[in-house]
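Notes follow the structure.
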Amino acid sequence: MTSTADEFSKLNISADWASTAPNLHKNLSLLSSQQVELAKVLIEMGQSHLFQHWAEPGVDDDEKRAFFDQIAKLNSSYPGGLAAYINTARKLLADSKAGKNPYDGFTPSVPSGEVLNYGDDNFVQFEEAGIKDARKAAFVLVAGGLGERLGYNGIKVALPRETTTGTCFLQHYIESILALQEASCSLAGGDCRVDIPLAIMTSDDTHLRTLELLEKNSYFGMKPTQVKLLKQEKVACLDDNEAHLALDPRNKYRIQTKPHGHGDVHSLLYSSGLLKVWHDAGLRWVLFFQDTNGLLFKAIPAALGVSTSKQYHVNSLAVPRKAKEAIGGITKLTHKDGRTMVINVEYNQLDPLLRASGYPDGDVNSETGYSPFPGNINQLIFEIGPYLEELTKTGGAISEFVNPKYKDATKTAFKSSTRLECMMQDYPKTLPPTARVGFTVMDAWLAYAPVKNNPEDAAKVPKGNPYHSATSGEMAIYRSHSLILRKAGVKIDDPVIQVFNGQEVEVWSRVVWKPKWALTFSEVKRKVSGNCSISQRSTMAIKGSNIALEDLSLDGALIVEAVNGAEVKVGGPVQNKGWTIENVDYKDTSIPEEIRIRGFRFNKVEQLELEKTYTEPADFVA
């Protein structure tokens, strides 16, 4: 048996360990050599307080070993390990206490990027370029969140995107990627066989439920091998400005942990080796998106087309932003030492930054009626080669921040423990000035309708500002489809204004289609001909790829379904009692959560259903 003294000398542990952490010293024989190494790191990093309450050997021994199992996980899941985490925390906490401005010495200006108008020639060309390159893309969905903030107890990706078809967000995303895969292959011609990969970043909260949702639904048509789940771990909480790790108040043998933020997606792609696998397989692009933006894939083809045409290393999808709107602005920052970067600056930092840089009015609208700094919507496109190169340099780490809530103005104590955080859109902060970083702006009606607020919070939003609720998210899908069809020549009635869950929204014709019907404006135009019209009270769901609308006059509800390969033409007058919209009280617990958070449901009074189960062409003329 080796003595404790031998263990100490073997591991270069100084004799003052016994006085620094006497309780740990007594328990050293319980630990493996790897655990002793971890203990050494903790002591060297000034964390001896963690062992203050440890019991004598023979008491709580399993809990002591479990403590080191947790330390091992915290150490391995952070680039550079716990020592790097504590060192970074000390620096950022010192800067926070000193009130240091992260933008000191930087001057803001408007970066260069593309502003697209839906449906014009330029937009159509970018869409085509994007579809062409989609077969060289991989998608990453950041889905670590539960729907509690929405008033929904499930995982957010299981929430219906809209209730006309009941398609959930994850199904819609997968069907959109599969439609891109097919469209890209048919453009490539020849014997094109491509499976576009999808990685999903999950958390402890969402991992098993995401897997269950996929398995229960046969991966919504994707091959299971196409989908890879990457689970994000939490990081250690910090008790004070010296970055002492916080113990769980309910368990003295456990470190308190909290989520690190969606910036972890970069280190996970790097440490899992997945990014290198994609790079070595010849993929060129990686597209990041978040869990509940039901319009995102309307913007993907054109945005990818901009990346490929402009050869952007980083392309941020953006929407026009009103000055001082609560959405970050994409900004070029130039330091007095010559450094430049193009990054997202949070809205509450942009205005003071502009005022301090010779813009006395701060963040104001230009003659266009919008701020010249486009609104970041956290949908990002990276070129894989330079991205992998950069993460290889940083070990997957990206810029972090800390946001302690201080007890008082002395900033010496926290109200509660804090932790380091990171955001995926901060990746460009470490890039060299030679990196090509740009943005693509598209109208919010086309690209952005996130679902993140519960009915009570949404109802408090000042009039004219976006609600970002399940109510507004669903109505935005109908508006988007109605406006796209209008641009394609269909006569669509104007919307009516209605109030659901205290939110005043535009109610357009309830038009939805599967991604395989049309991903791009050119496809919509190709499938719509003659004089088509849809009344405001109408509902239309298109569930098939080769369905053409010709001289259709719809006043009621129409559901068209066709198997792959079936050609269907729908036209003539279709009139029936249709589906009516009924108000629902979000406090009424007899109604399913996913319905009541919207404040409405459909009463399916009457509809025309056309279902095509065979592949010979067919005309349905009413």
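Every value quoted in this text rests on a predicted model; they were computed, and no experiment measured them.
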Distance-only, no hydrogens or angles: does the [X] side chain make a donor-acceptor pair with backbone N or O of [Y] under 3.5 Å?
X: N465; Y: V461; answer: no
X: D120; Y: F123; answer: yes
X: N241; Y: K411; answer: yes
X: D291; Y: V157; answer: no
X: N315; Y: L380; answer: no
X: N293; Y: A447; answer: yes
X: D443; Y: W445; answer: no
X: Q47; Y: M45; answer: yes
X: Y467; Y: E504; answer: yes
X: R161; Y: G294; answer: yes

Let me confirm one number: the [atom1]-[atom2] distance from [X] to [Y], rounded to the nearest 0.5 Å.
X: I255; Y: T257; atom1: CD1; atom2: OG1; result: 9.5 Å
X: T334; Y: R339; atom1: OG1; atom2: CZ; result: 11.0 Å
X: S176; Y: I300; atom1: OG; atom2: CD1; result: 9.0 Å
X: Q70; Y: D248; atom1: CD; atom2: CG; result: 8.5 Å
X: E456; Y: N454; atom1: CD; atom2: CG; result: 6.0 Å
X: N23; Y: L50; atom1: CG; atom2: CG; result: 12.0 Å

### Verdict with supporting geometry, H53 and Y253, side chain to side chain contact (heavy atoms under 4.5 Å, CB included)
CA-CA 9 Å; H53 305 290; Y253 296 107; over 6 Å; no

### Message
Let's go through M201 and L141 carefully: what are the C-alpha distance in whole Å and the side-chain angles of both, what is the deciding distance for side chain to side chain contact (heavy atoms under 4.5 Å, CB included) to 0.1 Å, and is it a yes or a no?
### Response
CA-CA 6 Å; M201 182 172 85; L141 167 60; over 6 Å; no

Does any non-hydrogen side-chain atom of [Y] lie less than 4.5 Å from one of [X]?
X: L354; Y: L350; value: yes
X: F126; Y: N122; value: yes
X: M442; Y: V319; value: no
X: L229; Y: H207; value: yes
X: C422; Y: H260; value: yes
X: I43; Y: L24; value: yes
X: H468; Y: V451; value: no
X: I343; Y: T331; value: no

Please check if any side-chain donor atom of [X] sits under 3.5 Å from a side-chain acceptor atom of [Y], or the reverse.
X: S472; Y: Q503; value: no
X: H266; Y: Y387; value: yes
X: Y312; Y: T440; value: no
X: S203; Y: Q232; value: no
X: S371; Y: D363; value: yes
X: N378; Y: Q290; value: yes

Does the distance from a Lys or Arg side-chain N to an Asp or Glu carboxylate O, for [X] and [Y], drop under 4.0 Å?
X: E383; Y: R284; value: yes
X: R355; Y: D351; value: yes
X: D104; Y: K100; value: no

Identify the two heavy atoms, one from [X] and one from [Y], that lie closest to each other, and give their separation to 0.1 Å.
X: P259; Y: R419; answer: O-NE, 2.8 Å
X: V110; Y: P372; answer: CG1-O, 3.4 Å
X: A134; Y: I196; answer: O-CD1, 3.4 Å
X: A89; Y: L238; answer: CB-CD1, 3.7 Å
X: Y347; Y: E325; answer: CB-O, 3.2 Å
X: S307; Y: I381; answer: OG-CG2, 3.5 Å

## Note on the structure
Partner of E400 under side chain to side chain contact (heavy atoms under 4.5 Å, CB included), picked from T88, V235, D426, is T88

### Message
Which residue is it: P249, P404, C237? I am looking for the one with a side chain to side chain contact (heavy atoms under 4.5 Å, CB included) to S417.
### Response
C237

### Task
Show your reasoning for whether side chain to side chain contact (heavy atoms under 4.5 Å, CB included) applies to W278 and V286.
CA-CA 9 Å; W278 290 346; V286 57; 3.8 Å; yes

### Task
Could you tell me if the ring centre of Y427 sits under 6.0 Å from that of H313?
no

### Message
Ring centroids only, cut at 6.0 angstrom: are F288 and F139 within range, meaning strictly under it?
### Response
no

### Charged tip of K322 within 45° of Y370 ring normal and under 6.0 Å
yes

### Query
With under 30° as parallel and over 60° as perpendicular, where do the rings of F169 and Y173 fit, or are they tilted in between?
tilted

### Message
Applying salt bridge (Lys or Arg N to Asp or Glu O under 4.0 Å) to D69 and K73, what does each step give before you reach the verdict?
### Response
CA-CA 6 Å; D69 289 343; K73 195 184 239 188; over 6 Å; no

### Message
Which residue in the set T202, T206, D204 passes side-chain hydrogen bond (donor to acceptor under 3.5 Å, both in side chains) when paired with K231?
### Response
D204

### Task
Tell me, yes or no, whether the heavy-atom count around K310 atom NZ, taken from other residues, nucleotides or ligands under 6.0 Å, exceeds 12.
no

### Message
Please check if the number of heavy atoms outside K258 that lie under 6.0 Å from its NZ is greater than 12.
### Response
yes

### Task
Evaluate the side chain to side chain contact (heavy atoms under 4.5 Å, CB included) criterion for residues E127 and Q125: first the C-alpha distance (whole Å), next the side-chain angles of each, then the deciding distance (0.1 Å), finally the verdict.
CA-CA 5 Å; E127 277 201 321; Q125 279 166 11; over 6 Å; no

